[in-house]
Each structure stands twice: as C-alpha cells, then as structure tokens.
J.: 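Could you have a look at this structure, given as structure tokens, before my questions?
Each chain gets a letter, A, B and so on, in the order its sequence line appears, and its residues count up from 1.
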Amino acid sequence: MSSRIYDSIKDKIKEILKEHYNLDTEVVWNKPPSPKMGDISFPLFNIAKIQKSTPDEIGKRIIEKLSVPKYINKLELKDGFLNIFLEKNSFAKKTLLETIKQPNYGQNTSKASERIIIEHTSSNPVGPLHIGNVRGSVLGDVLGRLYKFQGAAVNVRYYINDLGRQIAPLIIGYNLLMEEKVKPDSKIDLWIGKIYAIVNTFLEIQQLKYQLKVLNIKIKTESKLYELNPEDVKKYLSHLENSKTEQQEKDNLTKWLQKLERVSTSLQKRLPKLYSLLFNLVEDNIEDLNKLTIEYVIKYQEGKDEEIVSSFREVSREAISGHVTTLNLFNIFHDDFDWESDVAWSGEVTHILKELEQNSVLRHDGHARLLANDKIATNFGFKEKYNIKYEIPDLIIVNSEGITLYPCRDIAYHLHKLDKFDATFCYNVISKQQQLAQLTVRLALYALGNQDIADRISHFDYEYVSLVGRKMAGREFEYVTPDELYDAVKTEVDLLLKERNYTEEESQEISRKVSASSVKYYILKMDPQKAVAFDVKKAVSLNENTGPFLQYSYARALNILKKAKEEKIDFQTILDSAQDLKFEIEKKEEWDLLQLIEELPSIIVKAVDSLRPDSIANFSYSLASTFHKFYDVCSVLKAETEELKATRMILVYSTIKCLESLFEIMGIDTLERM
RNA sequence: GGACCAGUAGUUCAGUGGAUAGAAUGGCUGCCUGCGGAGCAGUUGGUCGUCGGUUCGAAUCCGAUCUGGUCCGCCA
C-alpha cells in the first residue's frame with residue numbers, strides 16, 4: 001500500500017525518529033482493521049525494540065513532536081500502534097484539487113528516460129490466436145501502456161516464427177486448395193488452423209506407419225497411406241503387444257496410435273468436407289508427404305527457392321493478418337514485425353556458433369551440440385549476479401544432423417534486437433514453458449561478450465491457460481479463440497441492447513466496445529503466475545468484476561454530470577472556484593471513494609515496478625464497486641447543502657478521471673451510454 | 001532425479017511482515033414514483049495444503065514435506 005499523503009506523514013515520523021533518537025529506520029504504515037481505530041496506523045514494535053523502550057513510550061514522544069498537519073484530526077495510541085484519525089475535509093480538498101489540476105490524473109514522468117521494447121504474442125503462423133496466446137498479448141499490451149503512461153517510449157514487436165517444421169504440411173495443403181480454387185470457409189487464420197491440423201495429421205499417420213514398419217510390425221490392410229481406420233489400429237495394437245520391441249517404445253507407439261486415431265476421427269467429424277477434400281488431394285498428388293515436408297523445410301531455411309519462399313511468406317502473412325485483426329478488436333497493436341527467417345538468412349547464426357565454439361561453451365555430446373549453460377553462468381558471474389544457486393541444464397541448440405534449432409536464431413535476433421529501437425530495456429512476454437530457452441539466450445549473450453545486452457533483456461513469463469477438463473492443442477484443432485468469445489458476448493449484448501432505444505449505429509458501437517472489454521478484462525485480471533482453467537461461461541459474463549461493469553460505472557458517473565447540466569447547474573464554475581470551496585465529507589461511502597482516488601497514482605507506479613498489469617484491473621474493480629456504493633447512498637444533485645453537492649460532484653468528476661486513466665492503461669474503451 | 005510456478009470460503013479469485021484474512025459466485029431475503037437495477041444491501045460459509053523455524057507479530061520470510069502444472073538430448 002502506498003499513498004502520497006500517507007507517505008508524507010510517514011516521512012514526518014521518520015524525521016522525528018532521526019532527530020530525536022538518531023534512528024534511521026524504515027517506517028511502515030497500514031490501514032487499521034476498523035475505522036474506529038483510525039484511518040492510518042503505524043506499528044511501533046520494532047522501533048521500541050531498537051530503542052529498548054516500549055511502543056507506548058515511543059508513541060508518546062512522536063505525538064509530542066509531531067507538528068500536526070492540517071489533515072490530521074486526532075492521534076491515538078492503542079496496542080502498540082500509533083493510530084491517526086484524518087481530518088477528512090482537508091484531506092478531500094488536498095486530494096481533489098490535485099485530481100482536478102492534472103489533465104490525465106495519475107500520469108507521471110518517472111519512466112521518461114526509458115525506451116522499452118515489448119515483444120508479445122509471437123504466435124506460430126499455423127492457426128488462429130487462442131486464449132492461451134492472447135494472455136501474453138494482453139499482458140504485453142497493458143505493460144506497454146503502463147510504461148507509456150509514465151513517459152517511456154515504447155516499441156511493440158511481433159516475432160514471426162515462420163521457420164518451424166510444422167509450417168510445411170500447412171503450405172502443402174494450402175497450395176493444393178489454392179490450385180483447386182477453394183475459398184476459405186471462415187476467417188483466414190481459423191481456416192489455416194483447420195488445414196494445418198488436417199494435413200499434419202496425415203503427416204503423422206505416415207510417420208507412425210513408417211516407424212511401425214521399421215519395427216517389422218506389419219498388418220494386412222486396404223487403407224490408404226494417410227488413413228488410419230479403427231480396425232487397423234486394433235490390429236497394430238495387438239501386433240505391437242506381441243512384438244519384441246522395448247517396453248518404453250511400445251508404450252510410446254501405443255499412445256501415438258491412440259492419439260492419432262482420436263484426432264483423425266474427431267477432425268473428420270468436425271470438419272468432414274475439408275477433411276475429405278484434403279485427403280483426396282493429398283492422396284492423389286503427394287506421393288511422400290514426409291519427404292516433401294523435409295524438402296520444403298530445408299529449401300525455406302536456405303531461402304533461395306523463390307517459389308517456396310513466397311509460399312511460406314504468403315501463408316504466414318495471411319495467418320498473422322488474422323492475428324492482427326483479432327488483436328485490434330482488443331485495442332492491441334504492434335509497431336513492428338520481425339521474421340525468424342530473416343534472422344536465419346542473415347548468416348549470423350554461423351558466426352555465433354563459431355564464436356561460441358572458440359569460447360569453449362559448446363558441448364558436443366553424442367552427436368548434438370549443447371550450449372553449456374551452467375558453465376557460462378558460473379564463469380561469467382551470471383549466477384552470482386542473479387543469485388542462482390542451482391545447476392542450470394544445458395540446452396541442445398544444434399541437432400545431430402547439424403541443423404540449427406530455434407534458440408540459435410533467438411540468440412542472433414537478440415544480439416541486435418535492442419538496436420532496432422535504441423532501447424534501454426526489452427521485455428519478452430512469453431509463456432513460462434520457454435523459461436530455459438529464454439535463459440539460454442541471455443547466457444549465450446554473456447558468452448559472446450554482450451553482458452550489457454543480456455542484462456537489459458527480461459523474460460516476462462506467464463502460466464498456461466487450459467480449458468476446463470481438457471487441453472488446448474493447435475495440432476488437433478482444439479482451442480478456444482478470443483474471436484468466438486467475443487462473438488458469444490456480442491450476441492448476449494445485442495440482445496440486451498434491443499430493449500433500449502439506440503440507433504443501429506450506436507448499438508453496434510456499444511456492443512463492440514462492451515464485448516471487447518469483457519474478453520480483454522477477463523484475461524487481464526488473472527495473476528500471470530497462475531495457471532488458469534478457462535471457463536467460457538464466466539468469460540462471457542457481464543456482471544461483477546468484468547469490463548462491462550467498469551464501463552457501466554463510468555456511464556453512470558458521467559450521467560450525473562449530464563443531468564446536472566440539464567438542471568442548469570454550472571459545474572464548470574464549481575470547478576473553477578474549487579480552491580475556495582469548503583469540502584465536506586459526511587458519509588463512509590464518500591470517504592472510501594476518496595481514499596481510492598487518492599491512492600490511484602501510487603497504484604500505477606507499483607503496477608509497473610512489480611510487473612503486475614493485472615493489479616490495475618483489480619484496483620479498477622474496487623474503485624468501480626466503491627463508486628456504486630457511493631452512488632446508492634449519496635444523492636449528488638439532491639444533496640442537502642451546496643457544499644455537499646459541490647464536493648460530491650467533484651468526487652464524481654474525479655472518479656471519472658480515475659476511470660479514464662485506468663481505461664487508457666488497460667486499453668479498454670469508455671462508453672457514455674450503454 | 002533436478003529446477004521453476006501454484007496450493008486461501010462448496011466454487012472462481014484478491015491479499016508480497018501488522019490488529020478481527022477480503023470480494024465475487026451458488027443457496028436464502030430485501031430495495032425500481034429516486035442521479036440509469038449491466039446496480040445496492042442482508043444472510044450463510046475459512047485449522048490460508050501439512051509440519052517445523054525466524055519474529056513482539058506469519059497467508060506473506062526460511063527449511064522440510066504432500067499435491068498439481070511446466071521445463072530439463074535432437075519440434076517450435
């Protein structure tokens with residue numbers, strides 16, 4: 001907890017301790033459990049202990065010396081705490097005058113000297129974004145907005161992983177459909193996701209059959225190369241059971257068989273038309289899908305075959321364009337896009353490997369090459385610097401066939417990434433699964449003599465999102481997309497809006513903004529470190545701690561001022577003469593609201609310093625919720641006295657300003673009516 | 001086997017050394033001639049995974065331990 005007024009009282013107490021006891025110690029404050037014990041309290045135990053005195057003695061001394069600022073009403077000692085009762089009216093005046101004065105309340109320049117790169121989303125271009133990826137998008141977006149709000153220059157980048165083996169089967173299927181002039185049956189990235197899942201299944205079926213053949217597990221069958229029917233699976237399983245294969249391998253193959261059977265049946269059921277269309281196309285045109293896949297991958301990695309290059313790029317671009325459309329729904333935008341393939345083609349990876357080799361930090365083991373993470377961490381002072389006490393595992397970066405794996409490109413990418421924006425710091429908002437890979441990148445930079453770069457890169461990690469009861473799997477076309485959540489909410493909202501008298505245009509704007517905020521806020525409000533089982537029902541809810549709830553509070557607050565205008569109350573004059581106004585805080589609800597307003601600036605600072613974008617959402621909820629309570633109990637326009645009316649109007653106005661700042665940071669739209 | 005993260009009300013979560021652990025949701029009950037009911041109020045519900053330690057004080061820090069997720073040699 002932090003607050004400017006409270007901190008200033010704290011500083012006074014610190015001064016007294018320094019002056020009186022020559023004591024330089026940290027003083028903490030907190031909120032008493034009950035208002036009867038005051039508004040703010042200071043525990044005196046540790047000071048008493050250092051001074052070999054009692055809390056009461058210390059407290060008495062502080063009270064004696066504390067020249068009471070005008071917003072302190074009463075001081076009290078109780079159970080070792082110094083309890084302070086604030087003079088609410090002066091507190092209100094100080095806080096609200098400040099709020100009125102600032103154009104964007106809570107904005108500051110504490111990060112003005114920073115230039116921040118934020119990489120987020122960076123999803124593979126083989127399907128639509130799902131709620132798992134979008135968790136990173138939302139966190140990255142809000143982190144960037146927090147920095148911007150505090151004066152930093154922010155550059156948001158998307159790293160396109162277009163070199164994956166997985167893309168090749170997608171390209172093959174996509175091209176076959178193009179030749180047949182088949183049109184997408186859905187949003188482009190979703191369509192790509194379908195093609196990928198289907199053709200990849202064919203590929204896996206072929207690979208599995210090949211493996212079984214190698215082990216001499218053969219069955220009599222009528223089925224085609226890319227087909228796996230249930231009867232064959234049964235036969236395979238019984239052959240496998242009786243074969244002399246190692247148990248471990250038996251288990252793996254059994255699992256694989258079962259999985260592929262499940263996936264192919266499920267895909268056939270859910271996408272019957274596309275499945276059979278692609279099946280026939282691949283069966284008729286592709287003799288050896290596996291071989292072709294490898295050929296494509298190698299050719300793209302080399303980057304010289306123009307046809308292949310343009311195919312990969314085209315499909316990737318299509319997928320990413322779908323991602324961008326989705327992200328834009330939620331006010332999430334990227335400034336730049338980097339291609340993994342560009343990094344590969346630059347030839348830098350070869351140099352890096354050579355240098356790592358020369359520096360003796362590559363470990364050859366069997367046939368693969370690993371980056372000697374622990375050795376680097378120890379020798380270059382990394383462990384000491386970051387207080388790492390365990391052994392860091394080595395990571396394979398070149399496989400036994402001499403093919404460089406993605407961490408190599410990641411290292412090359414990060415060598416120049418900060419230069420692209422002349423950045424002071426870079427956050428990679430990437431799921432926790434990438435922890436070791438991300439650490440490896442930084443260690444490689446250490447080994448290459450680029451500690452200065454490595455120390456300015458941070459992995460902002462977040463836990464995975466699963467579905468209630470099952471896992472999300474792109475390969476199986478199993479996921480919940482933010483698009484479908486958005487649509488589900490929108491249907492609900494449209495229904496609500498039908499009962500109100502809005503024009504079609506207004507209605508569309510409102511439902512768009514409400515739906516977007518609903519989905520975005522739901523993802524934002526969860527602690528990044530917590531794995532979440534996603535509940536679709538809750539995600540589309542419009543009540544309680546949701547985006548629409550906040551928007552509703554805003555509209556309600558705004559409406560009071562609108563109403564005031566109708567009643568010919570000149571609020572501008574009230575604002576202009578606020579300096580001379582006698583502020584009056586009468587009820588608990590006003591006081592609660594006021595304190596949250598006062599707290600907002602420090603909440604913003606803390607959110608970025610502790611890397612908790614989600615804390616903004618939770619604070620917004622308490623503010624909105626407190627406002628509703630205030631609204632219910634305190635009549636603004638019909639307040640008993642002019643002073644009370646003016647104070648309440650300014651409270652409403654300040655709440656609006658708070659919400660505007662919070663919405664700005666969360667990238668959620670405000671609504672005047674809904 | 002090692003590492004990282006999580007474990008708080010029936011459920012979903014907030015709470016990163018302070019007094020009596022907070023919301024929401026489910027169930028039950030009230031408030032629309034009122035500044036917008038997408039709201040508010042009441043009621044019910046917790047050995048903060050377990051055991052120790054540090055401390056005047058622990059959900060919070062340390063150590064063990066259990067459970068779940070993820071990563072640790074050829075996918076990204």
Side-chain angles (χ1 to χ4, degrees), chain A residues 1 28-34 37 41-46 48-49 55 78-81 83 124 126 161 163-167 340 363 365-370 373 388-401 403 405-407 409-410 431-437 439 461-464 466 493 496 500 514 525-533 535 538 541-546 548-549 551-553 555-564 566-567 610 612 614-615 617-619 621-622 624-625 627-639 648-649 652 673-674:
Chain A
M1 228 185 284
V28 291
W29 64 267
N30 63 286
K31 292 238 153 195
S34 152
M37 303 179 193
S41 78
F42 294 85
L44 303 168
F45 305 100
N46 57 340
K49 199 181 170 195
K78 189 173 166 36
D79 301 336
F81 292 86
N83 291 339
N124 295 332
V126 292
N161 305 108
L163 275 189
R165 276 206 169 151
Q166 43 187 341
I167 302 185
E340 187 184 5
R363 182 159 69 82
D365 202 347
H367 301 286
R369 276 181 281 174
L370 300 89
N373 281 336
I388 294 172
K389 299 212 171 74
Y390 57 91
E391 187 180 331
I392 302 171
D394 297 346
L395 187 74
I396 293 187
I397 60 171
V398 181
N399 76 9
S400 53
E401 289 162 40
I403 293 175
L405 305 180
Y406 81 100
R409 273 152 258 140
D410 250 14
S431 87
K432 180 152 258 134
Q433 289 184 319
Q434 295 280 348
Q435 212 166 34
L436 183 60
L439 186 59
D461 61 349
Y462 59 92
E463 271 286 356
Y464 236 64
S466 60
V493 175
L496 271 174
R500 309 189 184 186
V514 169
K525 75 176 178 185
M526 341 192 250
D527 179 345
Q529 293 302 320
K530 284 191 179 166
V532 196
D535 189 332
K538 285 198 173 127
S541 155
L542 301 174
N543 302 330
E544 306 311 332
N545 191 359
T546 63
F549 178 84
Q551 287 169 318
Y552 179 58
S553 326
R556 257 185 149 182
L558 217 57
N559 220 37
I560 294 176
L561 299 187
K562 228 189 278 173
K563 195 88 179 181
E566 282 168 22
E567 291 179 15
S610 61
R612 288 290 299 272
D614 58 306
S615 67
N618 287 310
F619 177 80
Y621 173 63
S622 26
S625 167
F627 174 73
H628 282 298
K629 284 169 194 167
F630 161 83
Y631 182 97
D632 230 53
V633 178
C634 304
S635 179
V636 177
L637 301 180
K638 291 191 177 119
R648 286 181 181 171
M649 284 185 83
V652 171
R673 302 200 293 163
M674 61 188 280

J.: Could you check which nucleotide pairs with B/rC51 in any of the strands shown, counting Watson-Crick or G-U wobble with both distances under 3.5 Å?
T.: B/rG63

J.: Nearest of B/rA76, B/rG37, B/rC72 to any side-chain atom of A/Leu436?
T.: B/rC72

J.: Using whole Å, report how far OH of A/Tyr462 lies from C1' of B/rG69.
T.: 15 Å

J.: If only side-chain N and O atoms of A/Asn545 are considered, is one of them under 4.0 Å from the OP1 or OP2 phosphate oxygen of B/rA24?
T.: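 Checking B/rA24 against A/Asn545, no side-chain N or O comes under 4.0 Å of OP1 or OP2.
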
J.: Using the glycosidic torsion, which applies to B/rC32: syn (within 90° of 0) or anti (everything else)?
T.: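 Syn, angle within 90° of zero.
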
J.: Applying a 3.5 Å limit to both distances, which nucleotide forms a Watson-Crick or G-U wobble pair with B/rA58?
T.: none

J.: Is A/Lys638 close enough to B/rG34 that one of its side-chain N or O atoms is under 4.0 Å from OP1 or OP2 there?
T.: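 No.
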
J.: Would you mind reading off the distance between A/His628 atom NE2 and B/rC40 atom C1', rounded to a whole angstrom?
T.: 9 Å

J.: Return the nucleotide paired to B/rA38: Watson-Crick means purine N1 to pyrimidine N3 with N6-O4 or O6-N4, wobble means G-U with N1-O2 and O6-N3, both under 3.5 Å.
T.: none

J.: Select base, sugar-phosphate, or nothing to describe what A/Asp365 touches, counting heavy atoms under 4.0 Å on all strands.
T.: base

J.: Pick the C1' atom in B/rG15 and in B/rC28, then give their distance to the nearest Å.
T.: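 Approximately 29 Å lies between the C1' atom of B/rG15 and that of B/rC28.
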
J.: Could you give the distance separating B/rG52 and B/rA38 at their C1' atoms, to the nearest angstrom?
T.: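 Pairwise C1' distance, B/rA38 against B/rG52, rounds to 50 Å.
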
J.: How far, in whole Å, is B/rU20 from B/rA58 if one measures between their C1' atoms?
T.: 16 Å

J.: May I ask you to verify if any side-chain N or O of A/Gln433 is less than 4.0 angstrom from the OP1 or OP2 atom of B/rC71?
T.: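 It does, given that an N or O in the side chain of A/Gln433 lies less than 4.0 Å from OP1 or OP2 of B/rC71.
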
J.: Rounding to a whole Å, what distance do you find between A/Asp632:CG and B/rG36:P?
T.: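 One finds 13 Å between P of B/rG36 and CG of A/Asp632, rounded.
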
J.: Once you apply the 3.5 Å cut-off to both distances, tell me the Watson-Crick or G-U wobble partner of B/rA3, or none.
T.: B/rU70

J.: Is it the case that B/rG18 (base atoms only) and A/Asn30 (side chain only) share a donor and an acceptor within less than 3.5 Å, ignoring hydrogens and angles?
T.: no

J.: Identify the heavy atoms of A/Ser625 and A/Phe549 that sit nearest to each other, and give their distance.
T.: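 In this case the closest contact between A/Ser625 and A/Phe549 is N-CE2, 3.9 Å.
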
J.: Taking the C1' atom of each, how far is B/rC13 from B/rU50, in whole Å?
T.: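 Between the two C1' atoms, the distance is 23 Å.
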
J.: Take atom C1' in B/rA9 and the same atom in B/rU43, then report the distance between them in whole Å.
T.: 15 Å

J.: Tell me the partner of B/rA9, counting only Watson-Crick (N1-N3 plus N6-O4 or O6-N4) or G-U wobble (N1-O2 and O6-N3) with both under 3.5 Å; none if nothing fits.
T.: none

J.: Please classify the nucleic acid contact of A/Arg612 as base, sugar-phosphate, or nothing, using heavy-atom distances under 4.0 Å.
T.: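 Here A/Arg612 touches the backbone only, sparing every base.
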
J.: Would you indicate which nucleotide in B/rA3, B/rA19, B/rA76 comes nearest to any side-chain atom of A/Tyr390?
T.: B/rA3

J.: When you compare the side chains of A/Gln433 and A/Asp461, does any donor N or O come within less than 3.5 Å of an acceptor on the partner?
T.: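 No, because no side-chain N or O of A/Gln433 sits under 3.5 Å from a partner of the opposite role on A/Asp461.
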
J.: Which nucleotide sits closest to the side chain of A/Gln529: B/rC5, B/rA38, B/rU55?
T.: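 So the side chain of A/Gln529 is nearest to B/rC5.
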
J.: B/rC40, B/rG73, B/rG36: which one has an atom nearest the side-chain heavy atoms of A/Tyr552?
T.: B/rG36

J.: Write down the atom of A/Gln529, the atom of A/Glu463, and the distance for their closest heavy-atom approach.
T.: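 Taking A/Gln529 first and A/Glu463 second, the nearest heavy atoms are O-CG, 3.2 Å.
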
J.: Please tell me which of the listed nucleotides, B/rA19, B/rC35, B/rG36, lies nearest to the side chain of A/Leu637?
T.: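 Selected nucleotide: B/rC35.
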
J.: Taking the P atom of each, how far is B/rU44 from B/rG22, in whole Å?
T.: 14 Å

J.: Does A/Lys525 reach the main-chain N or O of A/Asn545 with its side chain, forming a donor-acceptor pair under 3.5 Å?
T.: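 Such a contact is found between A/Lys525 side chain and A/Asn545 backbone.
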
J.: Using the side chain to side chain donor-acceptor pair (under 3.5 Å) criterion, which residues pair with A/Asp365? Sequence neighbours excluded.
T.: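 In terms of side chain to side chain donor-acceptor pair (under 3.5 Å), with neighbours along the sequence ignored, A/Asp365 is linked to A/Arg363.
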
J.: Output the rounded distance in Å from CE (A/Met526) to C1' (B/rG15).
T.: 18 Å

J.: For B/rC13 and A/Lys525 - does any side-chain N or O of the residue sit under 4.0 Å from the phosphate oxygens OP1/OP2?
T.: no

J.: For A/Val514 versus A/Pro548, what's the shortest heavy-atom pair and its separation?
T.: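 Shortest heavy-atom separation between A/Val514 and A/Pro548 comes out as CG1-CG, 3.8 Å.
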
J.: Give a yes/no on whether any side-chain N or O of A/Arg165 is located under 4.0 angstrom from OP1 or OP2 of B/rC75.
T.: yes

J.: Where each residue is assigned the nucleotide of RNA chain B containing its nearest heavy atom, which of A/Asn618 and A/Cys634 is assigned the position nearer the 5′ end?
T.: A/Asn618

J.: What nucleotide, of B/rC35, B/rG69, B/rU20, holds the atom closest to the side chain of A/Glu463?
T.: B/rG69

J.: What integer distance in Å separates A/Lys530:NZ from B/rC4:P?
T.: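 Computing the A/Lys530:NZ to B/rC4:P distance gives 19 Å.
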
J.: B/rA14 pairs with which nucleotide, Watson-Crick or G-U wobble, both distances below 3.5 Å?
T.: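 Partner of B/rA14: none found under 3.5 Å.
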
J.: With C1' as the reference atom in both, quote the distance from B/rA24 to B/rA14 in angstrom, rounded to an integer.
T.: 10 Å

J.: Let me spell it out: for each of A/Glu401 and A/Asp461, pick the nucleotide of RNA chain B with the closest heavy atom. Which residue's pick is nearer the 5' end?
T.: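 That would be A/Asp461.
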
J.: When the P atoms of B/rA41 and B/rU25 are considered, how many whole Å apart are they?
T.: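 One P to the other, the span is 11 Å.
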
J.: Kindly say whether, by distance alone, the side chain of A/Ser622 makes a donor-acceptor pair under 3.5 Å with the base of B/rA14?
T.: no

J.: What's the CG-P distance between A/Leu405 and B/rC72, to the nearest Å?
T.: 12 Å

J.: Given B/rC72, B/rG73, B/rG36, identify the nucleotide with an atom nearest to the side chain of A/Ile396.
T.: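 Nucleotide nearest to A/Ile396's side chain: B/rG73.
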
J.: If you look at every strand shown and take non-hydrogen atoms under 4.0 Å, does A/Asn373 touch a base, only sugar-phosphate, or nothing?
T.: nothing

J.: May I have the distance from A/Glu544 (atom CD) to B/rG22 (atom C1'), rounded to whole angstrom?
T.: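 Going from A/Glu544 (CD) to B/rG22 (C1'), I get 15 Å.
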
J.: Whole Å only: how far is the CD atom of A/Glu391 from the C1' atom of B/rG1?
T.: 12 Å

